[in-house]
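Okay, so here's the structure we're looking at.
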There are 4 protein chains.
Amino acid sequence: MPRDLPPLSIDPCSGEPIWRQIVEQLKVQIASRELTPGERLPSIRNLGSTLKVNPRTVVRAYEELGHLGLVVTRQGQGVFVLNGEAREPASQHARRAVLEDLTRRMLAEGTRMGADADEMLAIFEETCQAMQLPLSKSETTPRNASC
Amino acid sequence: MPRDLPPLSIDPCSGEPIWRQIVEQLKVQIASRELTPGERLPSIRNLGSTLKVNPRTVVRAYEELGHLGLVVTRQGQGVFVLNGEAREPASQHARRAVLEDLTRRMLAEGTRMGADADEMLAIFEETCQAMQLPLSKSETTPRNASC
Amino acid sequence: MPRDLPPLSIDPCSGEPIWRQIVEQLKVQIASRELTPGERLPSIRNLGSTLKVNPRTVVRAYEELGHLGLVVTRQGQGVFVLNGEAREPASQHARRAVLEDLTRRMLAEGTRMGADADEMLAIFEETCQAMQLPLSKSETTPRNASC
Amino acid sequence: MPRDLPPLSIDPCSGEPIWRQIVEQLKVQIASRELTPGERLPSIRNLGSTLKVNPRTVVRAYEELGHLGLVVTRQGQGVFVLNGEAREPASQHARRAVLEDLTRRMLAEGTRMGADADEMLAIFEETCQAMQLPLSKSETTPRNASC
DNA sequence: GTGGTCTAGACCACA
DNA sequence: GTGGTCTAGACCACC
């Protein structure tokens, strides 16, 4: 008996393709362990009717997740989340390029909307916590007040 | 005599539309003050031939920057960077929603590629510095002043 | 089965760009509820061939309506009229500035053509009625109820 | 000795051509008698330097006003406002078509920005008053309070 | 010189 | 079927 999976929110009016919206949200859920390795994703028909989108669109999203190495399709059984540790990580150099680019875009968008770097850092740290990605230098732990 | 403007790198094979690639890079350059308020962007024809893309594609990008409130076009003169301070910022609520989403995506992508939260925080801070967005960094300043 | 949509009249010889003519007429139709919220606009290709203009020109018009917050496009499905009530109104101050300017221009043009204020007021009131924008008209209701 | 003429405000960033902005504002000033028949407009060089625009642009605007029959150029002497009564008015039918169109656009734009018909009527009446275009049914005059 | 408009047509992505 | 992107080129308007 499959547990209730975390919901997805789709905006058909957004410029972003629906299949990509699904991919992005599932990527986040997998990274934050809301979807755990070995777990089965909702069936294509099921998710399609839940989100009120064409099943073909769901197929497109699951294919993309497969290409990214996050899920695997077992014929006739369904689509399953893969174990992250099993995948070999990208080179640090490649990671850095991608992450710098994403960070630059986030900072640019935040700046455009009037946020400063501190505000964005706070959001960054909170989001790490919310996604259960621990930061080693826990700057929110109490420091000896008596010092 | 116009100064040399920072270069743009376009990948026509990437799935991302060329005009959007231009927008993203110019957004970053404006946020980081590589392009300063009042400065003129390269002319449409000029940038088109530099990037080897159709001038119409550049027009599309400049229009989008105009809708984002980052540039204005003065007829017959060119397209100019607007002063960010003049724009009224988005509500903190709206900012937060957008920035949380972008951050979640970045963290998810980083996790997928094998980075941990500390590595991403380091990249975040370096990128802030590189884009000249100062952090007050109170959490790294010594706390033992009273010690 | 889509109903017959109200016709548009385009004058390619007018100095006004065709896409802007389309925008203006659709704005009026949306304001007067000739096009109701949720309704689909004619498809780009369809309207293009109807008006004998290039589909790109129609795209330009629909994009502008999107930026004005009057329509949204759903990928692969079409362009749909948005619910006006859902949009938050502009500040009264901003409204006033724009409307005063438009009114001044209308009065100036009418004066130039030999109309007086009463004639223009009559046209104003009739047009309100034709567009189904009800006036409370307290100033024309009989005031002698207590007499 | 020419009196100080009412100022013009030009926005080079607005999409509207500068020469048309000049035309529109002068049309309003002539209709409201801020510029009286027989009066001389500022010289082309003068207005060009005042508004910081190319003198050619001013020429374009004055030409248009000439075509509209609002001013006349006397070689070597300047550009003069014509007497409105001297022009024969357009047919009522033509007037009506133009004014209805302008009114529809104003109502559509106001509706988009969240104004209702009463608000727009109030602005209409105030603007008539500000432009010295008297309305015969003076709905703002006091009615017998004792009734 | 600058940007803006319109056309014609190919190709792709989305649902 | 829908809309989105890119190209190529002509022509105009603006300053």
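Chain letters run A, B, ... following the sequence lines, proteins first and then strands; every chain starts at 1. All figures in this text were calculated on a predicted structure; none of them were measured in a lab.
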Report summary line: Note: for B:P42 and C:G76 on DNA chain E, the residue whose nearest nucleotide lies more 5' is B:P42
Requested in this report: Using a strict 4.0 Å threshold on nitrogen-to-oxygen distance, state whether B:E109 and A:R105 make a salt bridge.
Outcome: no
Query raised in the report: Taking for each residue the nucleotide of DNA chain F bearing the nearest heavy atom, is the 5' side occupied by C:Y62 or by B:K52?
Result: C:Y62
Query raised in the report: Whole Å only: how far is the CZ atom of B:R60 from the C1' atom of F:dG4?
Result: 8 Å
Report task. Keeping the roles fixed (side chain from B:Q75, backbone from D:P12), state whether a donor-acceptor pair exists under 3.5 Å. Result -> no
Query - Pairwise 5' ranking along DNA chain F for C:V59 and D:I18, keeping only the more 5' one - result: C:V59
Query raised in the report: Can you find a side chain N or O atom of B:T57 that sits less than 4.0 Å from OP1 or OP2 on F:dT7?
Result: yes
Query raised in the report: Over how many whole Å does the gap from D:I22 atom CD1 to F:dC14 atom P extend?
Result: 12 Å
Query - Flag, side chain of B:T36 to backbone of B:E39, donor-acceptor distance under 3.5 Å - result: no
Query raised in the report: What integer distance in Å separates B:I44:CD1 from F:dT7:C1'?
Result: 16 Å
Query raised in the report: Got a donor-acceptor contact below 3.5 angstrom from the B:R112 side chain to the A:K27 backbone?
Result: no
Requested in this report: Round to the nearest Å and state the distance from D:Q21 atom CD to F:dC14 atom P.
Outcome: 11 Å
**Report entry** Heavy-atom neighbours of D:Q77 CD exceed 12 at 6.0 Å
**Finding:** yes
Report task. Would you indicate which nucleotide in E:dG3, E:dA15, F:dT5 comes nearest to any side-chain atom of B:R45? Result -> E:dG3
Query - Residue met sooner reading DNA chain E from 5', once B:Q75 and A:P17 are mapped to nucleotides - result: B:Q75
Query raised in the report: Hey, is the side chain of B:R74 pairing donor to acceptor with the base of E:dG3 inside 3.5 Å?
Result: no
Query raised in the report: Would you write out the dot-bracket form of DNA chain E, 5' to 3', with Watson-Crick and G-U pairs under 3.5 Å, [ ] for crossing pairs, | for pairs to other strands and . for unpaired bases?
Result: ||||||||||||||.
Report task. Counting heavy atoms from C-beta on, name the nucleotide in F:dT2, E:dT7, E:dG4 closest to the side chain of B:T73. Result -> E:dG4
Query raised in the report: A:E16 has an atom CD; how far is it from atom P of E:dA13, in whole Å?
Result: 16 Å
**Report entry** Protein-nucleotide distance (B:N54, atom CG; F:dG4, atom P), rounded to Å
**Finding:** 18 Å
Report summary line: To the nearest angstrom, the CZ-C1' distance between C:R40 and F:dT2 comes to 7 Å
Query - C:S32-C:E34 side chain donor-acceptor pair, cut-off 3.5 Å - result: yes
Requested in this report: For the pair A:R104 and A:E100, find out whether any cationic side-chain nitrogen is under 4.0 Å from an anionic carboxylate oxygen.
Outcome: yes
**Report entry** Whole-Å distance separating the CZ atom of C:R56 from the P atom of E:dT7
**Finding:** 11 Å
**Report entry** Closest to side chain of B:W19, choosing from F:dC6, E:dC14, E:dT5
**Finding:** F:dC6
